[in-house]
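Whatever order the structure lists them in is the order used to number ligands and atoms, beginning at 1. Bear in mind that the values here come from a model prediction, so they are computed numbers and not experimental data.
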Amino acid sequence: MSNPTSPVIGIIGGSGLYQMDGLTDVEWKKVTSPFGEPSDELCFGTLGGHRVVFLPRHGRGHRLAPTDINFRANIDALKRSGVTDLLSLSAVGGLREEYPPGTFVVVDQFIDRTFARDKSFFGTGLVAHVSMAKPVCSRLGNAVISACEGLGVVARRGGTYLAMEGPQFSSSAESHMYRSWGCDVIGMTNMPEAKLAREAELCYATVAMVTDFDCWHPDHDAVTVDQVVSVLLGNAGKAKGLVKNVVPLLGSHTGPCAQGCHRALDHAIITAPPAWDAAMVEKLSAVAGRVLRR
Ligand SMILES: CSC[C@H]1O[C@H](OP(=O)(O)O)[C@H](O)[C@@H]1O
Ligand SMILES: Nc1ncnc2[nH]cnc12
């Protein structure tokens, strides 16, 4: 029986990851959010006695393009379901020779080039500015690296994820430009997801699973969906092993986050309380209730 105050592990599955094997007491449930429709029902279960909530980012069957994912509803639904620690599993292109297909990269920085998405829970009537200087939780990153040991996965610590709008893949000129910026991997979904997780005071980390060399590599063809899917299918066992190993590590953690992810809103809200919009306060009850109670 899990303790109601112990961590709840959220897992967002990306391309190729539409269900979570190995969970017990599984129940898919619709969670409503004031921010609209999450990508799908959420899958509630336990793994080794630890509570897990899984959400397929693109919906089962991969219905949603990156631009059409309601990232705010997804994060809000996970937060109101009790999630404390959120792991994002994502397919990415590799922008470095050292990050070939099959490599798992625990990224630690992002460059956000998306432009057609709602990026904040806050806004007119309740303005907040959280820090994104350290966008991922190092405790979650450490746990992922430990979990990869013994799985035969090449896991790299650190890297910059370039988030593009898509849905088209990059041109060669763009791919070379992102390399010149120092980016290591490229994908279409981790922004604004990571920003919203920070606003919701969740510990967040991404496991970026390299599926291709995008289109910059002179010895490799430009990325195609077929290639991404075939590498992902080859990696599925490793991704499942990673989840099986990482959940007990995260689930047995006690105490607050040393990095302070759970207090990200402490000094973020700039709107004076008398000017707070009542409807916004209500809408933000799950995401920011901790700092909005008066
Ligand atoms: C199927 S290739 C492009 C697609 O894959 C990645 O998705 P996710 O991060 O959810 O694994 C990429 O960001 C694109 O959405
Ligand atoms: N090369 C690439 N560009 C953007 N998203 C991706 N997802 C997997 N490979 C990708």
Side-chain angles (χ1 to χ4, degrees), residues 10-20 38-40 54-71 73-75 78 86-97 99-107 110-117 135-136 159-179 181 183-197 204-217 220-236 238-240 242-243:
I11 298 176
I12 298 184
S15 296
L17 291 167
Y18 311 110
Q19 61 180 50
M20 193 86 304
S39 296
D40 204 328
F54 172 76
L55 175 62
R57 181 186 283 123
H58 301 272
R60 282 168 285 184
H62 205 120
R63 289 176 301 105
L64 297 167
T67 304
D68 300 325
I69 294 169
N70 187 336
F71 291 96
N74 286 354
I75 298 295
L78 289 161
L86 183 55
L87 206 55
S88 146
L89 302 176
S90 291
V92 294
L95 297 175
R96 301 275 151 220
E97 192 81 54
Y99 292 178
T103 311
F104 285 16
V105 186
V106 181
V107 301
F110 297 95
I111 292 181
D112 186 2
R113 291 252 306 167
T114 65
F115 50 81
R117 308 172 185 196
V136 305
T160 298
Y161 176 120
L162 186 293
M164 59 180 289
E165 186 62 47
Q168 301 83 1
F169 290 117
S170 305
S171 68
S172 300
E174 288 165 332
S175 198
H176 284 291
M177 179 177 73
Y178 301 145
R179 276 168 51 74
W181 289 356
C183 299
D184 300 296
V185 296
I186 182 164
M188 305 178 191
T189 60
N190 276 213
M191 282 290 166
E193 191 174 89
K195 288 177 172 168
L196 295 165
Y204 177 91
T206 287
V207 185
M209 301 182 290
V210 180
T211 53
D212 58 88
F213 276 118
D214 199 36
C215 59
W216 62 270
H217 200 297
H220 293 271
D221 291 339
V223 56
T224 63
V225 166
D226 283 0
Q227 185 192 1
V228 170
V229 171
S230 84
V231 175
L232 275 177
L233 291 178
N235 273 346
K238 292 176 186 171
K240 285 175 195 160
L242 166 64
V243 170

Ligand-residue contact atoms, ligand 1 with Gly187, heavy atoms, under 4.0 Å: 13 (O)
Nearest-neighbour protein heavy atom for atom 3 (C) of ligand 1, which is reported as residue plus atom name and distance: Phe169 CE2, 4.1 Å
Near Asp212, which atoms of ligand 2 are under 4.0 Å from a heavy atom of that residue? 1 (N), 2 (C), 8 (C), 9 (N), 10 (C)
Is it the case that ligand 1 has an N or O less than 3.5 angstrom from some N or O of Ala91? yes
Please identify which atoms of ligand 1 are closer than 4.0 Å to at least one heavy atom of Ser90. 9 (O), 11 (O)
Protein residue, atom and distance nearest to atom 4 (C) of ligand 1, heavy-atom basis: Ser15 OG, 3.5 Å
Any nitrogen or oxygen of Asn190, main chain or side chain, under 3.5 Å from a nitrogen or oxygen of ligand 1? no
For Phe169, counting its heavy atoms only, list the atoms of ligand 2 lying under 4.0 Å from any of them. 2 (C), 3 (N), 4 (C), 6 (C), 10 (C)
Which ligand 2 atoms does Met188 reach within 4.0 Å, using its non-hydrogen atoms? 4 (C), 5 (N)
Numbered atoms and elements of ligand 1 in range of Pro66, under 4.0 angstrom, heavy atoms: 15 (O)
What protein heavy atom sits nearest atom 5 (N) of ligand 2, and how far off is it? Gly187 CA, 3.5 Å
Looking only at heavy atoms, is any part of Val228 under 4.0 Å from ligand 1, and if so is it the side chain, the backbone, or both, or is it neither? side chain
Report the part of Thr211 (side chain from C-beta onward, or backbone N, CA, C, O) that has a heavy atom under 4.0 Å from ligand 2; answer both or neither where that applies. side chain
For residues Leu162 and Trp181, report the shortest heavy-atom separation together with the two atoms involved. CD2-CZ3, 4.0 Å
Report the part of Asp214 in contact with ligand 2, treating N, CA, C, O as backbone and CB onward as side chain, heavy atoms under 4.0 Å; options are side chain, backbone, both, neither. both
Between Met188, His58, His62, which one has a non-hydrogen atom sitting closest to atom 12 (C) of ligand 1? Met188
Test your reading of the structure: does Gly93 have an N or O sitting under 3.5 Å from an N or O of ligand 2? yes
Mark up the atoms of ligand 2 that fall under 4.0 Å of a heavy atom belonging to Ala91, in ascending order. 7 (N), 8 (C)
Which atoms of ligand 2 are found less than 4.0 Å from any heavy atom of Val223? 1 (N)
Start with the C-alpha distance between Val207 and Ser88, add both sets of side-chain angles, then the distance that settles side chain to side chain contact (heavy atoms under 4.5 Å, CB included), and finish with yes or no. CA-CA 6 Å; Val207 185; Ser88 146; over 6 Å; no
Could you list the atoms of ligand 1 found under 4.0 angstrom from a heavy atom of Gly14? 8 (P), 10 (O), 11 (O)
